[in-house]
Amino acid sequence: MSEERTEGERLAELAKRRGYFFGASGAYGGAAGFYTFGPQGAALKSNVEDAWRDRFTVQEGNFEIEAPTIMPEPVFEASGHLDGFDDMLVECPECGTSHRADHLIEDNTDLEDAESLPIAEVEDLIAEHDLQCPNCGAHLAGEPVEDFNLMFETNIGPGSSTPGYLRPETAQGIFVEFPRIKEYARNSLPFGATQIGRAYRNEISPRKSIVRTREFTQAELEQFVDPERDEPDLDSVRDVEVTLYPATEQGADDGEYVETTVGEAVEEGIVGDAWIGYFLGVAQEWYERVGVDMDRFRFRQHLAGERAHYAADCWDAESEVDGDWIEIAGFAYRGDYDLSKHGEHSDDDFTIFRQFDEPKTVEKSVVDPDMSVLGPEFGGDAADVQSALEELAERDPSAFEDEEVSVTVGGETKIVDADVANFRVEEQTVSGEHITPHVIEPSFGVDRTVYTLLAHAYHEDEVDGETRSYLSLSPAVAPTDVGVFPLVSNVDELVDRSEALVDDLRESGFSVVYDDSGSIGRRYRRQDEVGTPFCVTVDRDGLEDEGPDSVTIRERDTARQVRVPIDALVEELRAVTSGERAFDDLVEAYDLVAPGADS
RNA sequence: GCGCCAGUGGUCCAGUGGUAGGACAGUGGCUUCCCAAGCCACUAGCCCGGGUUCAAUUCCCGGCUGGCGCACCA
């Protein structure tokens, strides 16, 4: 059958030829890591996004936001991307090649983990050891070492006084807006916020078609929960079967998958957190619905060293293409890391007030210093003395038993009369406490999902001794719902009726392609190749036979056809494209048209 | 970023120091009542820059883009 081209090569060729995706800006030589989605690809991607939105936003009762792709520098100082997302590069003065400065040091000295050293020290080390360019041998001493940050930098407004960055993940847009989002959620956990949008990373080396690009689309859900109180609806996915590849199995070459159910995986602790387990189950069903080949799909647990330091547990959804596993989604338990960071760096409140079941009465030691005494006595230090007293009251109430109490302010001991401090123990009613919600983050790569769907949908078979290639895309995501053809194009009545049908179907909400060129077989193959699930053909038999006018509906994957009255067409197409009915049901209900029977 | 390989119509390829040919696809027409048929006509190409040369798509250098391996992937 097909020669030795890989799945990826066939896919790239089909994608270019049929308008799924192609390298962007080709007229000017192109730009690595950027792709344009053509008419088919844009429609497919949009359908994938809609399907994701329906499942992870609408069905979950979450809400979607759309944050800017550019955010000011402090956002990324808080998130850690500014410090933790860069490499140290040194450029050779002779040949102009760039090298990882930390790697040069590690390779040529006994030092390890040079990445964590300050830049000045790295420069000193290069001079001290007289390191040379690995490419041309030139001496690198004295050359500046620069940070290469993987974020795209820009300036907000004129001048360069306000640096901004293109977000490297959509998530920060949600975290940053948490204070407002929580108001919208009426300050009650749990709730989830989603976002579908672009993210940008100035990758050193973009690879593998649309799998690793510099601009890509993510669909992310940030599920905010109270770690002590909130539980997912695990029952709804308890019996969903999943293929797991736990960290413990990945050490050996012959590590084995664990075939189990979501419920068991959580109960046995293979998946450490119920929320993660829940989303694995939801994702499993969603991927199946949009058309991922589940025999080429698994959930892989991150190894301990691979995990971000804040992630308690992390699983990836992976799909297989050309024998390689590619990460198409990540499921991370991020704890309170992100919200805490933004809480520390900004003035806003990133906590939620959690009421106790019953208000608690607590005894609290307080002071209420007489500032009319402290003021004149301590001058500018008065306020500091006050807060030192408050702090001492909480820490050591016994200090107020004597007539005088001493506190240390700015290295000096200050003596205050106990009367002036006005120490007392109060009963306070506390109705709750502020907590920082924990976050479970299912994060989907939309482009990689599209890539997987195309790769898994690509099939070849034989029809009448000829090879045929077709995309078995799910009707849920296929760019076009239905093709409409007159069986032959030189009969006006067939053409007119076909065109009228196109209008009807479009008004009914279908995405329709009309085609009357060449032979009918060629038109079928064309639609097969772009994955249109159904074709409707208007023929003379259907108009001239006794009974109501009828047309044929052809199923893409099997090339079977049934004859359906035109009056029932919209209803039946809606049923089969929504998945409500299988084509087999139509075969039961209507006459099967045998290929070539009429000729 | 490093190393190896590659870049010719829309796609996949052949070829040449004197500016190119096929297959498939596409368009128009003829034919056609069910699966890439046939006939006629047409559209359309040597990645970019520099060098060598009378002459470069071809040879050399650089760049860009792509593939693979390494590295990277917070």
Side-chain angles (χ1 to χ4, degrees), chain A residues 3 5-6 8-10 12-19 22-34 38 76 79-87 89-92 95-104 107 115 133-135 148-151 168-169 201-209 211-212 306-311 322 324 326-327 330 462-470 485-491 494 517-529 535 537-544 551-552 554 556 558-561 563 593-599:
Chain A
E3 51 305 303
R5 297 167 65 204
T6 66
E9 285 167 342
R10 277 201 311 262
E13 187 260 320
L14 177 71
K16 267 189 280 191
R17 194 161 42 78
R18 289 301 195 189
F22 46 86
S25 307
Y28 293 94
F34 296 95
F76 301 107
S79 70
H81 287 98
L82 212 49
D83 289 333
F85 202 46
D86 51 20
D87 293 330
L89 294 183
V90 59
E91 190 174 319
C92 173
C95 67
T97 54
S98 291
H99 306 280
R100 285 282 299 264
D102 49 330
H103 287 185
L104 284 178
D107 292 347
E115 193 176 6
C133 172
N135 190 43
F148 177 75
N149 194 286
L150 265 10
M151 285 193 293
E169 59 179 16
R201 298 180 189 184
N202 203 359
E203 295 283 354
I204 296 172
S205 162
R207 279 292 164 83
K208 294 208 182 239
S209 183
V211 172
R212 189 138 141 233
E306 180 179 10
R307 225 154 47 206
H309 54 282
Y310 49 78
D322 276 333
D324 292 330
I326 56 180
E327 177 192 345
E462 280 204 8
V463 172
D464 293 345
E466 301 261 10
T467 45
R468 167 182 86 125
S469 60
Y470 64 100
F485 319 133
L487 184 58
V488 291
S489 54
N490 61 351
V491 178
L494 297 187
S517 78
S519 73
I520 188 69
R522 176 178 294 266
R523 287 175 266 157
Y524 286 145
R525 298 298 166 87
R526 234 181 236 144
Q527 294 309 312
D528 289 342
E529 201 174 31
C535 287
T537 304
V538 181
D539 64 347
R540 202 180 286 150
D541 289 349
L543 302 186
E544 290 177 353
V551 293
T552 62
R554 171 183 179 275
R556 173 196 60 209
T558 62
R560 289 182 301 175
Q561 286 180 294
R563 183 168 291 284
V593 179
D598 294 338
S599 58

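This is a predicted model, so every value here is computed, not measured. Proteins come first, then strands; the chains are lettered A, B, ... in the order of their sequence lines, and each starts at number 1.
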Participant: Are any side-chain N or O atoms of A:S209 and backbone N or O atoms of A:V211, one a donor and one an acceptor, separated by less than 3.5 Å?
Facilitator: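 Between the backbone of A:V211 and the side chain of A:S209 there is no qualifying donor-acceptor contact (under 3.5 Å).
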Participant: Separation of A:E13 atom CD from B:U11 atom C1', in whole Å?
Facilitator: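 Taking atom C1' of B:U11 as the reference, CD of A:E13 is at 5 Å.
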Participant: Is the Lys NZ or Arg CZ of A:R468 less than 6.0 Å from the centre of A:Y470's six-membered ring, within 45° of the axis?
Facilitator: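 Because its charged atom sits under 6.0 Å from the ring centre and within 45° of the axis, A:R468 does stack over A:Y470.
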Participant: Can you check the A:R525 CZ to B:C34 C1' distance for me, whole Å?
Facilitator: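 These atoms are roughly 11 Å apart.
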Participant: A:V488 has a side chain; which of B:A36, B:U32, B:U65 sits nearest to it?
Facilitator: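 Of the candidates, B:U32 comes closest.
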Participant: Which nucleotide in the list B:U32, B:U11, B:C73 gets nearest to the side chain of A:R17?
Facilitator: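 Nearest to the side-chain atoms of A:R17, counting from C-beta on, is B:U11.
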Participant: Say you pick atom C1' in B:A44 and the same atom in B:G3; how far apart are they, in whole Å?
Facilitator: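 Comparing C1' positions in B:A44 and B:G3 gives a spacing of 37 Å.
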Participant: Can you check the distance between B:C46 and B:U65, where both ends of the measurement are the C1' atom (answer in whole Å)?
Facilitator: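 Result for the C1' pair: 16 Å, nearest Å.
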Participant: Pick the C1' atom in B:G22 and in B:G28, then give their distance to the nearest Å.
Facilitator: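 Looking at atom C1' only, B:G22 and B:G28 are 23 Å apart.
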Participant: Could you state the atom-to-atom distance from CD of A:E529 to P of B:C24 in whole Å?
Facilitator: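 Rounded to the whole Å, the gap is 15 Å.
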Participant: Taking any strand in view, what nucleotide pairs with B:G62 in a Watson-Crick or G-U wobble way, both distances under 3.5 Å?
Facilitator: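 WC or wobble partner is B:C48.
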Participant: Could you tell me the separation between the CG atom of A:D324 and the C1' atom of B:G69, rounded to a whole number of Å?
Facilitator: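 In whole Å, B:G69 C1' lies 12 Å from A:D324 CG.
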Participant: Rounded to whole Å, please give me the gap between OH in A:Y470 and P in B:C35.
Facilitator: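 After rounding, the reported distance stands at 18 Å.
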Participant: Which value, in whole Å, describes the distance between the P atoms of nucleotides B:C72 and B:G18?
Facilitator: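 Here B:C72 and B:G18 have their P atoms 48 Å from each other.
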Participant: Quote, to the nearest angstrom, the P distance that separates B:U16 from B:U57.
Facilitator: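 Between the two P atoms, the distance is 16 Å.
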Participant: Return the nucleotide paired to B:A56: Watson-Crick means purine N1 to pyrimidine N3 with N6-O4 or O6-N4, wobble means G-U with N1-O2 and O6-N3, both under 3.5 Å.
Facilitator: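 Looking at the geometry, B:A56 pairs with no nucleotide.
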Participant: Within the structure shown, what part of the strands sits under 4.0 Å from A:G330 by heavy-atom distance: base, sugar-phosphate, or nothing?
Facilitator: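 If one applies the 4.0 Å heavy-atom cut-off, A:G330 turns out to touch nothing in the nucleic acid.
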Participant: Would you mind pulling out the nucleotide paired to B:A36, Watson-Crick or G-U wobble, both distances under 3.5 Å?
Facilitator: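 Answer to the pairing question: none, since B:A36 forms no Watson-Crick or G-U pair.
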Participant: The side chain of A:R554 is closest to which nucleotide in this list: B:C35, B:G3, B:C34?
Facilitator: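 Of the candidates, B:C35 comes closest.
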Participant: Determine the interatomic distance between P on B:C2 and the same-named atom on B:C54; round to the nearest Å.
Facilitator: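 B:C2 and B:C54 have their P atoms separated by 36 Å.
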Participant: Which comes earlier along RNA chain B counting from the 5' end, the contact point of A:R560 or that of A:P206, where each point is its nearest nucleotide?
Facilitator: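 Whichever sits nearer the 5' end wins; that is A:R560.
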Participant: If I take atom CZ in residue A:R212 and atom P in nucleotide B:C68, what distance separates them, rounded to the nearest angstrom?
Facilitator: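 A:R212 atom CZ is separated from B:C68 atom P by 12 Å.
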Participant: With heavy-atom distances below 4.5 Å as the criterion, would you say the side chains of A:F485 and A:I520 are in contact?
Facilitator: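 In contact.
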Participant: Whether A:D322 and A:R10 form a salt bridge (side-chain N of Lys/Arg under 4.0 Å from carboxylate O of Asp/Glu) is what I want to check.
Facilitator: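 No, this pair does not count.
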Participant: When all nucleic acid strands are considered with a 4.0 Å heavy-atom cut-off, which category describes A:S489: base, sugar-phosphate, or nothing?
Facilitator: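 Base: the residue A:S489, judged by heavy atoms under 4.0 Å, touches a nucleobase.
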Participant: By nearest atom, which of the nucleotides B:C73, B:C34, B:C12 is closest to the A:Q561 side chain?
Facilitator: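 Output: B:C34.
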Participant: Could you check whether any side-chain N or O of A:R523 sits under 3.5 Å from a backbone N or O of A:L487, counting only pairs where one atom can act as donor and the other as acceptor?
Facilitator: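 Checked: pair present.
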Participant: So, is A:R523 near the phosphate of B:A36, with a side-chain N or O under 4.0 Å from OP1 or OP2?
Facilitator: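 Checking A:R523 against B:A36: no side-chain N or O falls below 4.0 Å of OP1 or OP2.
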Participant: Please determine, for the side chain of A:K16, which listed nucleotide (B:C34, B:A36, B:C12) has the closest atom?
Facilitator: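 Of the candidates, B:C12 comes closest.
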Participant: If you assign each of A:K208 and A:I520 to its closest nucleotide in RNA chain B, which residue comes earlier from the 5' end?
Facilitator: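 Taking each residue's closest nucleotide, the earlier one in sequence belongs to A:I520.
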Participant: What interatomic distance, in whole Å, is found between P of B:A6 and the corresponding atom of B:G10?
Facilitator: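 Approximately 23 Å lies between the P atom of B:G10 and that of B:A6.
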Participant: So, under a plain 3.5 Å distance rule, would you say the side chain of A:Y524 forms a donor-acceptor pair with the base of B:C34?
Facilitator: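 Such a pair is found, so the answer is yes.
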Participant: Rounded to whole angstroms, how far apart are CZ on A:R522 and C1' on B:C39?
Facilitator: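 In whole Å, B:C39 C1' lies 14 Å from A:R522 CZ.
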Participant: Can you tell me the Watson-Crick or wobble partner of B:G17, both distances under 3.5 angstrom?
Facilitator: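 Checking every strand shown, B:G17 finds no partner, since no pair has both distances under 3.5 Å.
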Participant: Just name whichever nucleotide pairs with B:C68, Watson-Crick or G-U, keeping both distances under 3.5 Å, else none.
Facilitator: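 Pair assignment: B:C68 / B:G3.
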Participant: Do A:R525 and A:E529 meet the salt-bridge criterion of a basic N to acidic O distance under 4.0 Å?
Facilitator: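 Answer for the salt bridge query: no.
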Participant: Measuring to OP1 and OP2 of B:A25, would you say a side-chain N or O of A:R526 lies under 4.0 angstrom away?
Facilitator: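 No, outside the criterion.
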Participant: Separation of A:R207 atom CZ from B:G3 atom C1', in whole Å?
Facilitator: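 For the pair A:R207 CZ and B:G3 C1', the rounded distance is 11 Å.
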Participant: NA contact type, A:D528, heavy-atom cut-off 4.0 Å: base, sugar-phosphate, or nothing?
Facilitator: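 No contact.
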Participant: Taking atom C1' in both B:C24 and B:G66, compute the distance separating them and give it to the nearest angstrom.
Facilitator: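 Nearest-Å result for B:C24 against B:G66 at atom C1': 22 Å.
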Participant: Mind checking whether A:R554 and A:Q527 have side chains closer than 4.5 Å, heavy atoms only?
Facilitator: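 Result no, sub-4.5 Å side-chain heavy-atom pair not found.
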Participant: Which pair of heavy atoms, one from A:R526 and one from A:S517, lies closest together, and at what distance?
Facilitator: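 A:R526 and A:S517 have their closest heavy atoms at NH1-OG, 3.1 Å.
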Participant: Given B:U32, B:A36, B:C34, which nucleotide is nearest the side-chain atoms of A:S469?
Facilitator: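 Nearest listed nucleotide: B:A36.
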Participant: Let's test this: given Watson-Crick or G-U wobble pairing with both distances under 3.5 Å, identify the partner of B:G26.
Facilitator: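 For B:G26, the partner nucleotide comes out as B:C42, under the 3.5 Å rule.
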Participant: What is the nucleic acid contact for A:G23, judged by heavy atoms within less than 4.0 Å: base, sugar-phosphate only, or nothing?
Facilitator: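 Nothing: the residue A:G23, judged by heavy atoms under 4.0 Å, touches no strand.
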Participant: Output yes when at least one side-chain N/O atom of A:S519 is less than 4.0 Å from OP1 or OP2 of B:A37, else no.
Facilitator: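 A:S519 to B:A37 OP1/OP2: side-chain N or O found under 4.0 Å.
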